[in-house]
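For clarity, every value in this text was computed on a predicted model and none was experimentally measured. Order of the sequence lines fixes the chain letters, A, B, ..., with proteins taken first and strands second; residue numbering starts at 1 for each chain.
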Amino acid sequence: MSANVDTTLPLEYQTEQNRLNILGFWIFLGAEIILFATLFGVYGVLYERYAGGPTHKDIFVIKDVMIQTLLLLTSSFTMGLAIFEMRLHNLKRLITWLIITLVLGAGFLFMEINEFIHYVHEGATMQTSAFLSSLFVLLGTHGAHVTLGIGWAIMVIIQLAKRGLTPVTARKTFIIGLYWHFLDVVWIFIFTFVYLKGLVG
Amino acid sequence: MEKIMKGFPLSHVIGFVFSLILTFGAAGIALKTDLSFKVIMWIIGSLAIMQAGIQLFMFMHLREGEDGKTNVLNILYGVFMAVVIVAGSIWVLSSGHAH
């Protein structure tokens with residue numbers, strides 16, 4: 001571990017290594033913004049190319065979209081509470097909030113998989129039209145990130161349970177927290193510029 | 001980080017309540033009003049940006065730590081590039097060939 005430990009800071013900022021890792025993760029999130037921007041760009045160009053297939057209004061179910069949104073929004077909130085408890089050094093509460101976050105995230109994923117199954121049953125597959133190709137790629141990339149995040153957070157929880165709160169485990173928890181909030185930010189834009197836009201126009 | 005935390009996560013709760021209001025507000029404006037498509041998109045687009053701001057500042061503590069300024073610049077640059085990519089792609093690919 002790096003030498004200059006500043007114990008006046010929260011655990012995750014105490015070592016130089018931790019500060020660099022957190023900075024590095026913010027830069028990664030900058031790259032993630034670009035990744036999703038390219039997918040939003042593709043969707044924005046192709047979203048009316050139905051090729052005779054189903055349109056937004058044929059397949060989107062607003063009630064399910066609202067449930068997905070609330071699940072992810074609440075999970076972002078509970079992730080915030082987890083980090084809040086981490087800074088109060090409440091390991092048990094931290095792990096409890098992390099598990100609640102993951103349950104909500106899994107609920108979101110369950111809804112999204114059902115959504116995809118529903119679309120395919122309606123005859124809306126990835127191959128049907130340019131609109132649907134770009135839709136599935138955008139939603140699928142976000143869903144893949146959520147899936148990865150769940151697996152990642154489970155490993156962090158295991159480390160927390162085994163090693164307790166140290167500068168290293170605190171930093172790892174803080175970074176998965178940033179990742180999880182970021183996924184909610186992406187979802188806000190999917191909610192607005194895919195679902196709501198599709199149901200207005 | 002600047003304020004020593006007490007037992008209640010006030011800023012998180014406020015952020016969450018605002019997120020809910022913005023989400024339902026956007027859905028209500030998009031689905032329950034008769035405004036034109038353009039007006040609705042401008043309103044709900046602004047609401048989305050506000051909500052992203054809540055996540056970044058109230059949940060992710062973007063400005064926190066000694067690299068706070070770097071983080072803000074990094075994310076602003078990311079957002080700028082995102083706008084160029086999305087708006088630029090749509091502009092070039094959907095208006096160019098039509099004329």
Check for me whether the distance between the ring centres of [X] and [Y] falls short of 6.0 Å.
X       : Y      : answer
F174(A) : H61(B) : no
F84(A)  : W97(A) : no
F25(A)  : F28(A) : yes

Portion of [X] that has a non-hydrogen atom of chain B nearer than 4.5 angstrom:
X      : result
Y43(A) : neither
F77(A) : both
I62(A) : side chain
T38(A) : both
M66(A) : side chain
L70(A) : side chain

For residues 71-88 of chain B, which side-chain donor-acceptor pairs fall under 3.5 Å, sequence neighbours excluded?
unit_1 : atom_1 : unit_2 : atom_2 : d
N71(B) : ND2    : L62(B) : O      : 3.4
N74(B) : ND2    : W26(A) : O      : 2.9

For [X], is it the side chain, the backbone, both, or neither that has a heavy atom closer than 4.5 Å to a heavy atom of chain A?
X      : answer
I40(B) : side chain
L20(B) : both
S19(B) : both

Using a strict 4.0 Å threshold on nitrogen-to-oxygen distance, state whether E85(A) and K92(A) make a salt bridge.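 Here E85(A) does not pair with K92(A) in a salt bridge, since their nearest N and O are not under 4.0 Å apart.
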
For [X] and [Y], indicate whether the former's side chain and the latter's backbone hold a donor-acceptor pair under 3.5 Å.
X       : Y       : result
R49(A)  : F131(A) : no
H142(A) : L183(A) : yes
T169(A) : G164(A) : yes

Quick one: of S89(B), A48(B), G45(B), S36(B), who has the most non-hydrogen atom pairs under 4.5 Å with chain A?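 Of S89(B), A48(B), G45(B), S36(B), A48(B) has the most heavy-atom pairs under 4.5 Å with chain A.
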
Give the member of F36(A), F191(A), F40(A) that has the highest number of heavy-atom pairs under 4.5 Å with chain B.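 Greatest number of close heavy-atom pairs with chain B: F191(A).
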
If you tally heavy-atom pairs under 4.5 Å between each of I27(A), I22(A), V186(A) and chain B, the highest tally belongs to I27(A)

